[in-house]
Each structure stands twice: as C-alpha cells, then as structure tokens.
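Everything on this sheet refers to the single structure shown next.
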Protein chains: 2
Amino acid sequence: MMGVSVGKAVEGRKGEHAVRIGELSRRTGVSVPTIKFYVREGLLPAGELTSPNQASYGETHVQRLRLIRALLDVGGMSVAAIRDVIVAVEDPERSMHKVLGVTANRLVPRYEREPDTVIEEARKSVAELVAARGWHAYPENPAGEALAAALAALDDVGHGGFVEILDAYADAAEKVARADMDYVAHHVAREALVESAVVGTVLGDAIFAALRRLAHVDASNRVFGGPADRE
Amino acid sequence: MMGVSVGKAVEGRKGEHAVRIGELSRRTGVSVPTIKFYVREGLLPAGELTSPNQASYGETHVQRLRLIRALLDVGGMSVAAIRDVIVAVEDPERSMHKVLGVTANRLVPRYEREPDTVIEEARKSVAELVAARGWHAYPENPAGEALAAALAALDDVGHGGFVEILDAYADAAEKVARADMDYVAHHVAREALVESAVVGTVLGDAIFAALRRLAHVDASNRVFGGPADRE
DNA sequence: CCATCATAGATAGTGGCGCTATCAGATAGC
DNA sequence: GCTATCTGATAGCGCCACTATCTATGATGG
C-alpha cells in the first residue's frame, strides 16, 4: 500500500484532480515534450514538485493548456505572443485596458512600410472614421495602424474605392463590439474578465471571419445564381 | 547607340513600362532574390526573355507583386496558399464559386480534433444558424467547419455561452457581406472579379478585425470608464 | 527488495518556411 | 573594353514550434 502519497495530498485540496504529466497529456491531447516546452517558454506554470522528479498538475493546467491551444490553433498566435499576453494577464497590476493593450500589440501584425502618400491617405481615412463615429479611441493605436495598413494595401492593389463601404464595416464592428460587451457583462466573472477579453478578441476574429465567408457564399449565390460550393 | 533594343520593343506595347528585374525590385520594394524566389514558387510569371540572360517585366508583374505582398503581409497567407489561389484565379475554367472555394480552403486553417460531443454540439449550432438565417450555404463547407471549430474552442475554454450572441455576429456578417457585394457590383470589372473576391476576402478580414478592436476600445471606455490606451 | 516504468530537467536535433547568399556565365550600356 | 547588371542554379540561413535523447531519480507492483 505505502500509504497516501504526497501527490494524493495535493489532489485533495479544492477538489482538483492532481495528476502527473502523462495524464495531463492524455487529457489535453498535448504531448509530454510539448507540455515541457510550454513550461520552459513560460506559457504554463511548472507542476508542483512532490519529489525531485515528480510533479503534479491540476485543473488550472488543463485549462491553461486548452487556452494555449485555442490561441495557437484557432487564433493563429505565436508562442511568444501568447507568453506576453499570459504574463500580462497574470500581472496583479493588470488593468483591463493595459492587458488589452498588450493583446492588441501582440495580436496585430506590425507592417513596416516606408511612409508614402498612400499610407498617409489611409491614416487620414482612419482618423476621419474614428472622429465621425465619435469613438473614444486614438486612431494612432495599433488597431488604427493596422487598419490604415490594410486600407493602404487595398489601395496598392487597385481597390482604393473600398473606403466608401468602410462605414458599413464600422457599423458591423460596432454591433459586434456591443454584443461582446453584453456577453462579458452577463457571463463573465470579474477575475476572469481579462482572460475572457483576450480569448474573445482572438477567437471572435476567427468566428466573424467564418461567418463572413458563410454570408458571402449566400450573397454570392443570390447575386450570381450558382449552386453553393460543396468542397 | 546600337538602335532600339528588343527590350524597348517589348516596352512599347500597350504602354507597359517594361523593365529589368532590378527596376522591378526598386518599384515594389521586393528584393531581387525574393522576386526570383516567387517566380520559382509559381507566384509570379517569369519575365519575358529578350536574350538568354535578360528578361523584361511589365506592369502586370508590379501588380502581381503588390498582390502577393498584400496577401502575405496583411492577409497572413502562406506562400503555398497564395500559389494555389493564384493558380485557381488564372485557370480559364475558373468559375466564381470554384475560385472562392479554393480561397476558402486555403485560407481557413484546418483544425484537427478527434470527434467529441463538444465539436458535435458546435456543428449543430452552426447548422441551426445557417438554417435560421436561410443562408444558401452548406454548413459543412470549410467556413462552417472553421466556425464550428472556433465555437468548440470557445467552449473548451469555458465560454460555451457565447452562442447566445452568435446572432449578433451573424447580423454583422450579413451586413458586411452585402456591402462587399455592393462594392463588387459598382467598382469591379468582370475580369477582375475573381481576384477582387480573393483580395476582399483576405483583406476584409484584417480590416474588420482592426475595426472591431477600435470599437472595443471605445465600448470598453464607455463601460469601464478608463482612458483610452495610447500604447 | 527488485524489476519495471514514469518522471524531471537538460541539451541537442528536426522539419518547414520564407527568404538570402553565392556563383558562373552572359549581356547591357557606355 | 570595361563595369554594372542580369539569368538560372544551388546552397544556406534564421526563425519557429516542436521532438528526441539522455541522465538521474523516484514511483509502483509483485
């Protein structure tokens, strides 16, 4: 028998299923070496050592691994970006908008482009849009820069006229943002707020993109009359 | 002197500024080795040979390079995905929805997840949504699968309740899709239709994501009252 | 008590991707 | 003729997300 192991004691507290790394791997579908890799990279806290070569992992590890995989696979974030965001989320000094600032900074790809008239025009469009909407946001924040870069890229490719429908996009974005706030207000506990914001920001992009594709298929069918595409 | 070179003759036709690779590089900001790399990879047609070791590049090459950079940098597509899409676009048998099918297939990351109840539930939600909206789209197309995967990921992370606001997202997506069709109808020539659809699909995602972040900053300020984040 | 298995922690290696460097031989343009 | 540039080919690089291997230790079951 050998009596109750130290691991058991750990398992006891607050109903956590404390397990060893192999079981953690089985539960999450993440390989053992990969889990160790995440620990090394600072994405996942180390297991609680119960002896020099045994550690036990709890429910928080399972959740964290799911979070990591969601941000990696669905959100398309890099390991480095996820680390930065997680560090920010865990910072006790975290304020909502500080963490979201980090998230935005790490989520938005940084495009470098030597300043030219195209990007200047795009920035102006963004500033005008933000002003017209009365958005309390500085247009020169990373999202605004990303928007300007995307508009500039569209212009480069010969679709400068796109700005004309930007308002429709902004309407939709406002609507979604309101729904997001609504969801957060009703479903999210204060402590989980920041993490939810991160998850929602990242996965929300993926969800909207997918919905937009579905709506395109429908709209395209209506306009062009072809059968929906099965592949 | 030596008279008009062959290159000049090529330059003459239809007002194209036929140039050599160095100039093409200068105009697009893409390095010469990278241009050669794109040619090797099938993203860019080779220049027109004017002698065994001289080729001239025209306006189409400039445009194509801008397209490639836009899809790569802003759209976040891989070189392989861009190649597949370009091949599809150039296929004379291209039909609108076939090319968009390829685009969707290459744009949407493929998540593998062993079938479980979570993903099954998510698929059901997607099917219900599509049905409720009367969308003429098969829910099991890649976009629908991507949506289900994202919803399942949300569920994994403890946000299964998100489905409740999915309708708001769908409303917004419909709105955007309508605006897209409108833009295409008014601004895009028939020959450019397919390429525009690709560009719009990819860059539209980036634009909407950026707008959503801006709207979040605003909504978050209104709800949480903090100052906008400057970083 | 012993055989077997799992583990921690460390270091090195792998495969894919988007380029980048280098070279030989040929041509452009003065 | 002279130098800068070009084509086409091959090899290499740097980053990234893992993955493999190893040692020393402890867990576990009979």
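Numbered from 1 within each chain, the chains take letters A, B, ... in sequence-line order.
Rounded to a whole Å, the CG atom of A:Leu24 is 16 Å from the P atom of C:dA6. Regarding B:Ile35, its CD1 atom lies at a distance of 12 Å from the C1' atom of D:dC6, rounded to whole Å. Per the geometry, CD1 belonging to A:Ile21 stands 10 Å off C1' belonging to C:dA6, to the nearest Å. Look at CG on A:Leu49: it is 12 Å from P on D:dG26, rounded to the nearest Å. The CZ atom of B:Arg83 sits 9 Å away from the P atom of C:dC17 (whole-angstrom rounding). If you measure from atom CG of B:Leu43 to atom C1' of C:dC17, you get 13 Å, rounded to the nearest angstrom. Taking atom CD of residue A:Gln54 and atom P of nucleotide D:dA24, one finds them 18 Å apart after rounding to whole Å. Across the protein-nucleic acid pair, A:Arg40 atom CZ and D:dC18 atom C1' stand 9 Å apart, rounded to whole Å.
The two atoms that bring A:Leu151 and A:Ser125 nearest to each other are CD1-CB, 4.5 Å, heavy atoms only. Contact detail for B:Asp156 and B:Arg113: the closest heavy-atom pair is OD2-NH2, 2.5 Å.
Along DNA chain C, the nucleotide closest to B:Arg20 and the one closest to B:Tyr38 are compared, and the more 5′ of them pairs with B:Tyr38. Heavy-atom nearest nucleotides on DNA chain D were determined for A:Leu72 and for B:Ala46, and the one closer to the 5' end corresponds to B:Ala46.
Taking 4.0 angstrom as the limit, A:Ser51 places none of its side-chain polar atoms (N or O) nearer than this to OP1 or OP2 of C:dA8. In terms of phosphate contacts, A:Thr34 brings no side-chain nitrogen or oxygen within less than 4.0 Å of OP1 or OP2 of D:dA17. At the phosphate of D:dT19, OP1 or OP2 sits under 4.0 Å from a side-chain N or O atom of A:Ser31.
A distance-only check finds a donor-acceptor pair linking the side chain of B:His61 to the backbone of B:Gly58 [under 3.5 Å].
A:Tyr57 and A:Arg64 form no side-chain donor-acceptor contact under 3.5 Å, judged by distance and modelled atom types alone.
Among the atoms of the strands shown, only primed sugar atoms or phosphate atoms (P, OP1, OP2) are found under 4.0 Å from some heavy atom of B:Pro52. Residue contacts shown for B:Arg26 are absent, as no nucleic acid heavy atom lies under 4.0 Å away.
Here A:Tyr169 and B:Tyr183 keep their ring centres 6.0 angstrom or further from each other.
Scanning atom types as modelled, no donor and acceptor separated by under 3.5 angstrom connect the side chain of A:Asn53 and the base of C:dA8.
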